[in-house]
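To start, the structure under review is shown below, and the notes come after it.
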There are 2 protein chains.
Amino acid sequence: MTDSSTGDAPGATPALAVSTVIFSLLPQGETGRTALHIPLVRRIREPYRGLWALPGGPLGADEDLSDAARRHLLDTTALSPSYLEQLYAFGSRSRSAAERVVSIVYWALVSRENAAAGPAAALVQGDPNVCWFDADDLPALAFDHRTIVDYALWRLRTKMEYSRIAGAFVGSTFTLSQLREVHEAVLGRDLDPANFRRMVEASDAVVPTGEYLTGTKHRPPRLYRYNSPIDLDPSPLGRS
Amino acid sequence: MTDSSTGDAPGATPALAVSTVIFSLLPQGETGRTALHIPLVRRIREPYRGLWALPGGPLGADEDLSDAARRHLLDTTALSPSYLEQLYAFGSRSRSAAERVVSIVYWALVSRENAAAGPAAALVQGDPNVCWFDADDLPALAFDHRTIVDYALWRLRTKMEYSRIAGAFVGSTFTLSQLREVHEAVLGRDLDPANFRRMVEASDAVVPTGEYLTGTKHRPPRLYRYNSPIDLDPSPLGRS
DNA sequence: TCAAAAGTGTTCGTAGTACACCCATGA
DNA sequence: TCATGGGTGTACTACGAACACTTTTGA
């Protein structure tokens, strides 16, 4: 997986790898509340054999960076991301005692719809070396992956406050309560429903579909959709 | 410099380079107003021979990423940065028609003090292949370096609004007018002196030294200093 | 009729903006 | 004394937080 040990000539250019921090909202084991989860893979080789690590691997010679991230994501979770963004390039000499590896790390969001409906659960449960963990209750990680995950978490929570990435977790239509629950699960605190509604409506990011969600045991809430698709690859190239 | 063409085996791991977008405030040629400037180096090899490019080069086998950026900065400008931050890793296959290169790009700020006092001006004027350009009036650049510079500019201007990086451009003590002029030069618009003063004082980032700047032909302004040094390397590792 | 969530209205404190005005110095 | 920037005061606006209140459904 990431940071695999292959031969290295002295003075050679450092090896290049791409890893991804994948986020999805899943019901927490004990409380049942939805919480942020991250899939990790168990290392089957030294160093750090037996420890959990981020999914990733070497960059293909004819592969764009984000494509490599997408490929590892598909291999690990059998899912396509609703959002994918570069996080940081980690290249300190001290991050691995073995071979020198520069890891370009991405972070990805996977929607509830995909995570629930797709073959991900089966695939993951069938493979004892892949497992989803509560982002706030992680096991010991290999290399500097704990630092990386913490940084990705900080980035996700920070960006949630000013961008529309929450939409990457919900389906094509959704109620404002569902959207608010996404924010609450990610930020880890409750939000005022009234103020959240006004904040979202004022942003003009969302429009009512005219439909209502039925089957609840209370007043049926309006369904909304985003008025423009979320930018799937917010790289600097698509900026100006 | 960056993206140099060395041999590549088919299917080999892509080459790794480190480049830096270096910013400094220098008086503009015509108007004399201080404006953002960037040093560029002229390519002496194909591809893009004769065009201007960002300073950079391959990553040393035993060198941290930021150290490589610092080294290229020193080679190009003979200066040490007052601020250095990773910008983005550019690795698209299409960015160079020749060899596949992944460039990890940093952006750096060089203070007025250093830029004026140091041997930079002489060094740069002595070498016809290194030149400072107005950031808003750049020549044609090699590779995707124009995209990279535009992104770095966007990042600098965005970060200027909520962080203390302006301090990287001024000396150890400074007047609030000097600090405001830094903001104005970077953002490209005038700011209200009264409101700027209150904004800075409210942030508690700055404390008066008790000294005054004399020699002006008006009321002598107070001198300030930052109450804590600017974080020189704001990498994710120093976050939590 | 009651519980529960949807949805609306109102108030308050803070932060940014515009701009009037006084202060201290050199010329 | 005047010009010039240093520095203070004040009113207006926008926006988020807190919270009371009405509405609409299922049970």
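Keep in mind that the numbers below use all heavy atoms, side chains included, and drop hydrogens, waters and symmetry copies. Numbered from 1 within each chain, the chains take letters A, B, ... in sequence-line order.
Shown here is B:Arg155, whose CZ atom has more than 12 heavy atoms of other residues, nucleotides or ligands within 6.0 Å. When the shell of 6.0 Å around CZ of A:Arg71 is examined, it contains more than 12 heavy atoms from other residues, nucleotides or ligands.
A salt bridge between B:Glu211 and B:Arg222 is absent, with no side-chain N of the basic residue lying under 4.0 Å from a carboxylate O of the acidic one. The pair B:Arg157-B:Glu161 does not count as a salt bridge, with every side-chain nitrogen at least 4.0 angstrom from each carboxylate oxygen.
Here C:dC19 presents its C1' atom at 15 Å from CG of B:Asp190, a figure rounded to the nearest Å. For B:Phe196 and D:dG5, the CZ to P distance is 17 Å, given to the nearest whole Å. Distance, B:Glu201 CD to D:dT8 P: 6 Å, rounded to whole Å. Remark: C1' of D:dC15 and CE of A:Met199 are 12 Å apart, rounded to the nearest angstrom. Separating the CD atom of B:Glu161 from the C1' atom of C:dT17 is a distance of 14 Å, rounded to the nearest angstrom. In this structure, B:Lys217 places its NZ atom 7 Å from C1' of D:dA3, rounding to the nearest Å. Across the protein-nucleic acid pair, B:Leu187 atom CG and C:dG16 atom C1' stand 15 Å apart, rounded to whole Å. Rounded to whole angstrom, the span from the CG atom of B:Asn195 across to the C1' atom of D:dA11 amounts to 12 Å.
If you check C:dT25, D:dT24, C:dT8 against the side chain of A:Pro220, the one that comes closest is D:dT24. Of the candidate nucleotides C:dT25, D:dT24, D:dC19, D:dC19 has the atom nearest to the side chain of A:Asp192. Taking every side-chain heavy atom of B:Pro221 into account, D:dG6 is the closest of D:dG6, C:dA6, D:dA17. The B:Arg219 side chain lies nearest to C:dA24 when the options are C:dC19, C:dA24, C:dA4. The side chain of B:His218 approaches D:dG6 more closely than any other nucleotide in the set D:dG6, D:dT25, C:dA6. Considering only the side chain of A:Tyr212, C:dG7 comes nearest among D:dG6, C:dG7, C:dC19. Nearest to the side chain of B:Arg198, among C:dA24, D:dG9, C:dA6, sits D:dG9.
Side chain of A:Asp190 to main chain of A:Glu184: no donor-acceptor pair is present (N/O by atom type, distance under 3.5 Å, no hydrogens or angles).
Using a 4.0 Å heavy-atom cutoff across all strands shown, B:Thr214 reaches no nucleic acid atom at all. Using a 4.0 Å heavy-atom distance criterion, A:Arg222 is classed as a sugar-phosphate-only contact. Across all strands shown, B:Thr175 has no heavy atoms under 4.0 Å from either base or sugar-phosphate atoms. Residue contacts for B:Ser177: at a heavy-atom cut-off of 4.0 Å it reaches the sugar-phosphate backbone alone, with no base atom in range. If you check every strand for non-hydrogen atoms under 4.0 Å, B:Ala194 touches a base.
Taking the six-membered ring wherever Trp is involved, the centroid distance between the rings of B:Tyr151 and B:Trp107 does not fall below 6.0 Å.
Regarding contacts with the backbone of D:dG6, a side-chain N or O of B:Arg180 is found under 4.0 angstrom from either OP1 or OP2.
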